[in-house]
Amino acid sequence: MAFENKFIQQRIEKVELLRAEGINPYSNDSRRNTTIVKYLNVNSDIENMQNKRDENRNYTVSGRIKLFRIMGKASFIKIEDESGMLQIYVTRDNLPEGFYNSTFKKLIEIGDIVEISGFPFVTGQGELSLHCSEFRLLTKAIAPLPEKFHGVTDKEIRYRQRYLDLIMNSEVRKTFQTRSKVISLTRRFFEDKGFLEVETPMMHPIAGGANAKPFVTHHNSLGIDRFLRIAPELYLKRLIVGGFEAVFEINRNFRNEGMDATHNPEFTSIEFYWAYKTYKDLIKITKEYFEYLFDHLRLPIMLPYGDLVINFENFTEIPLIESLTTIGGVAAEVVNDKEKIIEYLKSQNLTVKPGMNLGQLQGELFDEFVEEKLIDPTFITEYPVEISPLARRSDTKPEITERFELFIAGREIANAFSELNDPIDQYERFKGQCDAREAGDDEAHEMDEDFIDALSYGMAPTAGQGIGIDRLVMLLTNEHSIRDVLLFPAMKPLHRDEVHSDEE
RNA sequence: GUCUUGUUAGCUCAGCUGGUAGAGCACGUCACUUUUAAUGAUGUGGCCGAUGGUUCGAAUCCAUCACAGGACACCA
């Protein structure tokens with residue numbers, strides 16, 4: 001039941017006492033005329049003044065009370081707004097008769113949002129503060145804040161009640177400010193290159209564009225199911241067919257899979273498609289993009305990430321097959337022989353799913369022996385065609401595709417390729433995926449005949465790329481769980497009986 | 001999905017081999033007009049995650065479940 005907690009009860013009584021005194025505990029007429037950081041900057045000259053004060057200046061600031069120190073007839077409190085923290089000096093004799101003793105000391109407390117007017121001065125301890133001459137309550141908090149020193153550290157509380165985390169941990173706010181900047185810079189970078197931002201459907205009749213299981217939702221008036229999109233790829237390519245030559249979309253994808261430190265059911269990506277370009281051009285623009293981000297976010301080229309230091313001037317390129325031997329340490333005679341790969345994987349105590357083709361086995365070798373070793377930014381190129389159902393074949397080596405994935409800190413950050421625009425080849429590859437689906441691979445692509453129709457009208461040679469924004473932000477903010485870069489990460493419901501279940 | 005660790009006051013945490021539950025902060029009362037997690041005195045505050053079991057007796061031992069963290073498996 002709401003409000004049953006005894007501390008909350010106590011505070012609700014204070015709300016009633018305030019109302020009885022004619023004070024609105026949820027006032028709506030804020031008169032703030034500066035932020036805390038501006039106040040601190042504008043008044044930084046006070047400490048050089050003779051009395052360390054200037055009673056002719058007057059400012060009104062607002063914020064949440066974070067610390068409350070009563071010392072008889074005077075008090076120090078600290079209030080915090082989005083910009084920073086400020087100390088306020090409150091004395092009985094500078095406030096209306098009786099206010100200090102009966103209202104300020106009794107009914108105002110940590111967590112309340114207040115508005116204070118007064119003049120700047122520097123305390124004996126040397127802290128620039130505000131000498132209060134007018135004190136107003138703006139919003140009463142009836143729930144007590146967590147402990148002032150340790151704050152809230154319980155991850156479950158931090159994720160489920162993110163607002164509390166944000167109140168108590170100012171560095172969390174910084175992470176999300178950085179995230180916002182990354183998205184805004186990404187948008188500006190591509191716009192400046194002439195890309196058009198577009199929005200394509202989130203509800204798909206066929207979930208395509210990636211190997212993943214979709215969420216299903218239902219359209220009542222049509223009486224049909226729809227899939228939450230797993231990727232915008234096939235729609236963006238239809239736009240290239242339609243004549244747009246450079247498009248991008250920054251938004252959510254949904255995948256019906258497990259959750260862990262690097263997976264949330266909904267995640268943000270940018271996908272961009274660029275006509276008359278190849279994956280080689282994408283490598284160039286990707287390097288440029290990182291340079292742009294690092295420049296505008298003022299990040300060091302030698303970026304610390306956990307125990308690692310990543311050198312963002314050391315971008316390298318290596319074909320996948322080559323990486324298996326030079327980085328993965330797999331013998332050269334093994335990597336192109338299906339039977340030898342199976343033998344090798346088994347010798348390393350790895351289970352091999354039956355029925356895998358050569359390309360899939362090479363992918364397995366890469367995942368097992370190479371991926372985690374790619375710390376500095378590495379473009380792995382030339383992917384086997386079997387694991388790249390939407391990518392264009394190399395003109396000289398038809399068994400591989402013009403594709404790369406970018407790895408940083410042992411993790412995939414981007415996936416890109418010259419797009420397959422041969423409608424018949426695309427049709428055959430979809431059919432291959434359908435066979436895999438029949439054989440039990442529930443993440444294989446489905447046939448999308450409308451997309452084949454689109455390609456039949458001719459899509460200019462095009463290169464396309466997707467970048468996982470969440471993982472990119474993790475990297476740039478030195479966070480190691482995707483939940484720490486999502487404001488409201490997916491959590492299981494606390495009480496099963498409060499949610500609908502289709503089990504009965 | 002598997003393994004593993006955790007869940008005790010609003011928050012941060014103690015609680016040993018089973019014997020009626022503890023601290024700090026917060027909150028209440030008192031003192032204090034330059035403090036820095038202010039200080040001193042004093043008091044209130046608990047369905048020990050849930051359900052079963054073992055036992056004369058369970059926060060503690062056992063089982064099941066829920067949620068969370070970590071690792072592995074799969075994926076981006």
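By convention in this document, chain letters (A, B, ...) are assigned in the order of the sequence lines, proteins followed by strands, and residues within each chain are numbered from 1.
- Ring centroid separation for the pair A:F379 and A:Y279 does not come in under the 6.0 Å cut-off.
- Within the 4.0 Å cut-off from OP1 or OP2 of B:A76, not a single side-chain nitrogen or oxygen of A:N415 is found.
- Backbone-only contact: A:D154 has heavy atoms under 4.0 Å from sugar-phosphate atoms and none from a base.
- Here A:N256 contributes atom CG and A:L228 contributes atom CG; the two are 9.0 Å apart, rounded to the nearest 0.5 Å.
- Going from atom CD1 of A:I65 over to atom P of B:A26 covers 14 Å, rounded to whole Å.
- A donor-acceptor contact under 3.5 Å is formed by the side chain of A:D260 with the base of B:A73.
- Between the P atom of B:A37 and the CD atom of A:E147 lies a distance of 13 Å, rounded to the nearest Å.
- Between B:G28, B:A37, B:U34, one nucleotide has an atom nearer to the side chain of A:Q10 than all others, and that is B:G28.
- A:S83 and A:D81 are linked by a side-chain donor-acceptor pair at a separation below 3.5 angstrom, with hydrogens and angles left out of the test.
- With a 3.5 Å ceiling on both atom-pair distances, B:U36 lacks any Watson-Crick or G-U wobble partner.
- Between A:I70 and A:H150, the residue anchored closer to the 5' end of RNA chain B is A:H150, taking for each the nucleotide with the nearest heavy atom.
- In this structure, A:K140 pairs ionically with A:E109, as a charged nitrogen and a carboxylate oxygen lie closer than 4.0 Å.
- Using a 4.0 Å cut-off, no side-chain N or O of A:K148 falls inside it from OP1 or OP2 of B:C11.
- Out of B:U35, B:G69, B:A26, the shortest distance to the side chain of A:F7 is found at B:A26.
- At a threshold of 4.0 angstrom between heavy atoms, the contacts of A:Q125 include nucleobase atoms, whether or not backbone atoms are also involved.
- The residue among A:G151 and A:R160 whose nearest nucleotide of RNA chain B is located toward the 5' end is A:G151.
- Distance CE (A:M259) to P (B:C72): 18 Å, rounded to an integer number of Å.
- Minimum atom distance to the side chain of A:E156 is reached by B:C67, of the listed B:A76, B:C67, B:C32.
- For the P atoms, the distance linking B:C47 with B:C11 amounts to 12 Å, nearest Å.
- Note on A:F121: a base of the nucleic acid sits closer than 4.0 angstrom, heavy atoms only.
- For the residue pair A:Y100 / A:D93, no side-chain donor-acceptor distance below 3.5 Å is found, with atom types taken as modelled.
- Of the charged side-chain nitrogens involved, none lies within less than 4.0 Å of a carboxylate oxygen, so that A:E419 and A:R403 do not count as a salt-bridged pair.
- Counting atom types as modelled, A:S129 pairs no side-chain N or O with a base atom of B:U34 as donor and acceptor under 3.5 Å.
- As rounded to whole Å, 11 Å separates atom P of B:A73 from atom CD of A:E371.
- Nearest to the side-chain atoms of A:K155 among the listed nucleotides B:G69, B:A38, B:A76 stands B:G69.
- Regarding contacts with the backbone of B:G69, a side-chain N or O of A:R483 is found under 4.0 angstrom from either OP1 or OP2.
- Nucleic acid contact for A:K52: none, since no nucleic acid atom lies under 4.0 Å from a heavy atom of the residue.
- Atom-to-atom, CD of A:E364 to P of B:A73 comes out at 11 Å; the value is rounded to the nearest Å.
- Following rounding to the nearest Å, A:E257 (CD) and B:G1 (C1') show an atom-to-atom distance of 13 Å.
- The P atoms of B:C13 and B:G49 are separated by 15 Å, rounded to the nearest whole Å.
- At the phosphate of B:A31, neither OP1 nor OP2 sits under 4.0 Å from any side-chain N or O atom of A:K73.
- Classification of the A:Y305-A:H480 ring pair by plane angle, with boundaries at 30° and 60°, yields parallel.
- A straight line from CD1 of A:I142 to C1' of B:C27 spans 15 Å, rounded to a whole angstrom.
- Taking 4.0 angstrom as the limit, A:K105 places none of its side-chain polar atoms (N or O) nearer than this to OP1 or OP2 of B:A31.
- One P atom belongs to B:A21, the other to B:C16, and the distance between them is 14 Å to the nearest Å.
- Counting distance only, with no hydrogens placed and no angle test, the side-chain atoms of A:Y89 and the base atoms of B:U33 include a donor-acceptor pair under 3.5 Å.
- Under the Watson-Crick or G-U wobble criterion, with both distances below 3.5 Å, B:C67 is paired with B:G6.
- Judged by distance alone with a 3.5 Å cut-off, no donor-acceptor contact links the side chain of A:T91 to the base of B:U33.
- For A:K492 and B:C67, the shortest distance from a side-chain N or O to OP1 or OP2 is below 4.0 Å.
- Among the heavy atoms of the strands, none lies under 4.0 Å from A:R411.
- Each of B:A68, B:U36, B:G10 was ranked by its minimum atom distance to the side chain of A:P144; first place goes to B:G10.
- Atom CZ of A:F68 is separated from atom P of B:A26 by 12 Å (rounded to the nearest Å).
- Using a 4.0 Å heavy-atom criterion, one finds that A:M491 contacts the sugar-phosphate atoms exclusively.
- For the pair A:D54 (side chain) and A:N56 (backbone), a donor-acceptor distance under 3.5 Å is present.
- Aromatic pair A:F248/A:F272: centroids not less than 6.0 angstrom apart.
- Nearest to the side-chain atoms of A:I482 among the listed nucleotides B:G69, B:A76, B:U35 stands B:A76.
- Across B:A59 and B:G46, the matching C1' atoms stand 11 Å from one another, rounded to whole Å.
- Across B:G28, B:G10, B:A68, the shortest atom-to-atom separation from the side chain of A:E109 is found for B:G28.
- When the nucleotides B:U36, B:U33, B:U12 are ranked by their closest atom to the side chain of A:T153, B:U12 comes out on top.
- Remark: B:C27 base-pairs with B:G43; criterion is Watson-Crick or G-U wobble with both hydrogen-bond distances under 3.5 Å.
- Between the base of B:U36 and the side chain of A:E127 there is a donor-acceptor pair shorter than 3.5 Å.
- Across B:U34 and B:U39, the matching C1' atoms stand 14 Å from one another, rounded to whole Å.
- A:K78 comes within contact range of at least one nucleobase, with a heavy-atom separation under 4.0 Å.
- Between the side chains of A:R252 and A:S269, no donor-acceptor pair is found at a separation under 3.5 Å.
- Separation of the C1' atoms belonging to B:A73 and B:C61 is 33 Å when rounded to the nearest angstrom.
- Donor-acceptor pairing under 3.5 Å, judged by distance alone, is present between the side chain of A:Q87 and the base of B:U35.
- Ranking B:A76, B:U34, B:C11 by closeness to the A:V152 side chain, first place goes to B:C11.
- Considering only side-chain atoms of A:T123, the nucleotide from B:U35, B:U29, B:U12 that sits closest is B:U35.
- Using the Watson-Crick or G-U wobble rule with both distances under 3.5 Å, B:G18 pairs with nothing in any strand shown.
- Taking atom C1' on both nucleotides, B:G24 is separated from B:G15 by 15 Å, rounded to a whole Å.
- Nucleotides B:A26 and B:U12 have their P atoms positioned 15 Å apart, rounded to a whole Å.
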